[in-house]
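Naming: A, B, ... by sequence-line order, numbering from 1 per chain.
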There are 2 protein chains.
Amino acid sequence: MTPHRQTDPAAPSLEQARRQIARYGLTADPQAVLVAARLMAAGARIGQAGEVHFGRFGLSTGRYRLLADLEDHGGEKSPSQLATSLGVSRATVTGLVDGLEREGLVARRPSTDDGRGNVVILTARGADRLRELAPEHFARMQSMVAGLSVEERTVFLDLLARIVAGIEALAED
Amino acid sequence: MTPHRQTDPAAPSLEQARRQIARYGLTADPQAVLVAARLMAAGARIGQAGEVHFGRFGLSTGRYRLLADLEDHGGEKSPSQLATSLGVSRATVTGLVDGLEREGLVARRPSTDDGRGNVVILTARGADRLRELAPEHFARMQSMVAGLSVEERTVFLDLLARIVAGIEALAED
DNA sequence: TATCAGTGCTTAGGGAGCTAACTATTGGGT
DNA sequence: ACCCAATAGTTAGCTCCCTAAGCACTGATA
């Protein structure tokens, strides 16, 4: 359960960026590259921290998101809908539901109006689990951004959204 | 190779945050929770986009980082050092090196001054690969943050660093 | 009405990362 | 000089997520 401890690993420096760009005789802006690299490093760290966080409650990030999404929709949703709203593949939903079902936090029922379909249901145990973890979960989420003032958070939200829009530049084509 | 396409999946809304907090009668600040949730969502997306990006060159994020780190250190480093500087476990380095060695981008040599140790060496093919992908890599990194002005990037860098410092709040204890 | 493309879900297989446990070697304390 | 804890690396086994391929069912079209 104790995850790999990182002193401050992948925090690339401006110097590194500059050196790499120079090595290949490119003309990229080192600061821009640095921002992108730092963001990718931060993304990885947040992901790992999230797993540790949810691991405390016997869940993973994916499983928590599925449970929370289910609760937000009256505790009942098809795997396809879940895949869409969580932004993962249907195969991934199958795996997440398998795990959650094994622990009795959700249940599968055949759909009444589509012979192919399933419905995933949040069980009482699942709802309990969400209720139990909520206080600590939200408290930790809050303290994660406690280093920023309200105004700074607003700015950050704006800048982050614009970068997220730029992510497709990495993946696109 | 074509990854799962997401319209705009896990972009939680302020309303959702508010509703969840209210459901459990908590007193958390919805905006703060929103920032944390958005950041986690963004982290996941960036991670996936990174895999797509490096997948184009027959690499993964981890493998690229290992190659780049190697090059930054004269093309020679021990697995333990790599684990430390990449911020991953030694077991993960073993796996990454296995893969890179299979493709001839890296080679293992027994250490001369420590009978237990290995040295991982960047091969000519490995250096070539880095050189080939550099132009596109840096161009895409740059365009990822192209939506921000230089000043905004500086602000973002500062805010991000302060949040990264707060990540331990999620994982700590 | 018979067919067939599309949709819903699962299975199979792969890569990344982790922890825990094991082997081999080193090096400091007695 | 010897022993034993610490260190280097690997292996085994887990979770998450993915793609690709398969099966079951639906529904529009000829």
Given atom [atom1] of [X] and atom [atom2] of [N], what is their separation to the nearest angstrom?
| X | N | atom1 | atom2 | answer |
| --- | --- | --- | --- | --- |
| Arg45(B) | dC16(D) | CZ | P | 21 Å |
| Glu51(A) | dG17(C) | CD | C1' | 10 Å |
| Asn118(B) | dT23(C) | CG | P | 18 Å |
| Gln81(A) | dC9(C) | CD | P | 8 Å |
| Gln48(A) | dC17(D) | CD | C1' | 15 Å |
| Leu96(B) | dG9(D) | CG | P | 14 Å |
| Asp113(A) | dG8(C) | CG | P | 12 Å |
| His53(B) | dC18(D) | NE2 | P | 19 Å |

Verify the ring-centre separation between Phe54(B) and His137(B): is it less than 6.0 angstrom?
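Between His137(B) and Phe54(B), the centre distance is under 6.0 Å.
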For [X], report the nucleic acid contact type (base, sugar-phosphate, nothing); a contact means any heavy atom under 4.0 Å.
| X | result |
| --- | --- |
| Ser111(B) | nothing |
| Thr94(A) | base |
| Asp98(A) | nothing |
| Thr92(A) | base |
| Ser80(B) | sugar-phosphate |
| Ser78(B) | sugar-phosphate |

5' priority, DNA chain C, between Gly95(A) and Asp114(A) [closest heavy atom]:
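With Asp114(A) and Gly95(A) compared, the 5'-side residue is Asp114(A).
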Salt-bridged, [X] to [Y], with N to O below 4.0 Å?
| X | Y | value |
| --- | --- | --- |
| Arg65(A) | Asp69(A) | no |
| Arg131(B) | Asp128(B) | yes |
| Arg63(A) | Glu103(A) | yes |
| Arg109(B) | Glu76(B) | no |

Taking only side-chain N and O atoms of [X], does any of them lie within less than 4.0 angstrom of OP1 or OP2 on [N]?
| X | N | value |
| --- | --- | --- |
| Arg90(B) | dT19(C) | no |
| Arg65(B) | dA16(C) | no |
| Ser89(A) | dC17(D) | no |
| Ser60(A) | dC16(D) | yes |
| Arg108(B) | dT10(D) | yes |

For Val93(A) and Gly117(B), find the nucleotide of DNA chain D closest to each by heavy atoms; which residue's nucleotide sits nearer the 5' end?
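Closer to the 5' end of DNA chain D: Gly117(B).
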Arg116(B) (side chain) and dT7(D) (base): donor-acceptor pair under 3.5 Å:
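Answer is yes: a donor-acceptor pair is held.
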Measure the CZ-CG distance between Arg129(B) and Leu100(B) for me, rounded to the nearest 0.5 Å.
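Spacing of CZ (Arg129(B)) from CG (Leu100(B)) equals 9.0 Å.
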